[in-house]
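Note sheet for the following structure.
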Amino acid sequence: MRVLLIEDSALLRETIMETLSSCDGLVFDGVAATQSEAFKILRDRPFDLLLVDIELAEGNGFEVIRMTQREDFPYPRPKYMILTNHAHAHYRQEAKALGVDYFFDKSMDFDKAIDTLEAEVKKFVPEND
C-alpha cells in the first residue's frame, strides 16, 4: 500500500513513519508538509491512501483531498485518513462530506489511527494482482 503522508510537523512525520516501519506492505512513497508539495507529488504518481493533517504549514488537507476528487485527476481515488489536532465537529462534517474514510484526533486517537492503518494494509490488495 503506497501512502502519501501530508503532515507539517517533522516530529510527527518521523514518529508515524518510525511507528509503522515494521508494517509489511506499507510504503511511505511521499511526504509533504504543505498543500502545494502534496499537489506536486499527487500529479506525479498514484497513492492508495492519503494520511492527511487538516492544518498544514501552507494550505490545508481538505484542499488536497478535493484535488484527488476532480474529474481531471489522473489516478484512481485513494482512501483518506485524517489525523489532526483539529477534531472539531465542523471538520468532522466536512470530512464526511468529502468521503473521508477515517478521521482521528492526534491527541486522543493516535494509537487507534496506527492500528487502523495497519489493518488497512493487511486487507489491501493491489489492483494489478
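The residues of the chain are indexed from 1 along the displayed sequence.
Listed by chain and residue number, Y75 satisfy the ring pair (Phe, Tyr, Trp, His ring centres under 6.0 Å) test with F73 (two or more places apart in sequence, or in another chain). Remark: D105 pairs with S107 by the side-chain hydrogen bond (donor to acceptor under 3.5 Å, both in side chains) rule, at least two apart or across chains. Qualifying side chain to side chain contact (heavy atoms under 4.5 Å, CB included) partners for H86, counting only residues two or more places apart in sequence or in other chains: E55, T84, H88, Y91. Remark: K123 engages E120 in a salt bridge (Lys or Arg N to Asp or Glu O under 4.0 Å) (not counting sequence neighbours). Remark: E94 engages R66 in a side-chain hydrogen bond (donor to acceptor under 3.5 Å, both in side chains) (not counting sequence neighbours). Under the side chain to side chain contact (heavy atoms under 4.5 Å, CB included) criterion, A38 pairs with I6, A32, V64, sequence neighbours left out.
We find the CZ-CG distance between R77 and D101 to be 5.0 Å, quoted to the nearest 0.5 Å. Rounding to the nearest 0.5 Å places CZ of F62 at 6.5 Å from CD1 of I65. With values rounded to the nearest 0.5 angstrom, I41 atom CD1 is found 9.5 Å from L5 atom CG. Separation of atoms CD1 (I54) and CZ (F103) is listed at 4.0 Å; rounding is to 0.5 Å.
Note on F124 and V100: separate hydrophobic clusters, where clusters join Ile, Leu, Val, Met, Phe, Trp and Tyr whose side-chain heavy atoms are under 4.5 Å apart, directly or indirectly. The hydrophobic cluster containing L42 also contains L98, counting ILVMFWY residues as joined when their side-chain heavy atoms lie under 4.5 angstrom apart, directly or transitively. With hydrophobic clusters built from ILVMFWY side chains whose heavy atoms lie under 4.5 angstrom apart, Y102 shares a cluster with F28. Under a hydrophobic clustering in which Ile, Leu, Val, Met, Phe, Trp and Tyr are joined whenever their side-chain heavy atoms come within less than 4.5 Å, directly or via other members, M81 and M67 fall into different clusters. Cluster membership check: L117 does not share its hydrophobic cluster with L4, using side-chain heavy-atom separations under 4.5 Å among Ile, Leu, Val, Met, Phe, Trp and Tyr.
Every pair passing side-chain hydrogen bond (donor to acceptor under 3.5 Å, both in side chains) that includes a residue from residues 3-12 is listed here, sequence neighbours excluded: E7-K106. Sequence neighbours left out, the pairs with a member in residues 34-52 that pass salt bridge (Lys or Arg N to Asp or Glu O under 4.0 Å) are D29-R45.
By the 4.5 Å side-chain criterion applied to Ile, Leu, Val, Met, Phe, Trp and Tyr, L11 is assigned to no cluster and stands alone.
With N60 contributing its side chain and E63 its backbone, the two residues share a donor-acceptor pair below 3.5 Å. Between the side chain of E58 and the backbone N or O of S36 there is at least one donor-acceptor pair closer than 3.5 Å.
When all heavy atoms of L49 and L51 are compared, the pair lying nearest together is CD2-N, 3.8 Å. Taking all atoms of both residues into account, the shortest heavy-atom contact from L56 to Q35 is CD1-N, 3.7 Å. Among all heavy-atom pairs drawn from A87 and R92, the shortest one is O-NE, 3.3 Å. Taking all atoms of both residues into account, the shortest heavy-atom contact from T116 to F104 is OG1-CZ, 3.4 Å. Closest heavy-atom contact between L50 and F47: CD2-CB, 4.1 Å.
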Show which side-chain atoms of residues 16-26 pair as donor or acceptor with protein atoms under 3.5 Å away, not counting sequence neighbours.
residue : atom : partner : partner atom : Å
T19     : OG1  : T15     : O            : 2.7
S21     : OG   : E18     : O            : 2.9

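Residues Y80 and V52 are not in side-chain contact: their nearest non-hydrogen atoms beyond the backbone lie 4.5 Å or more apart.
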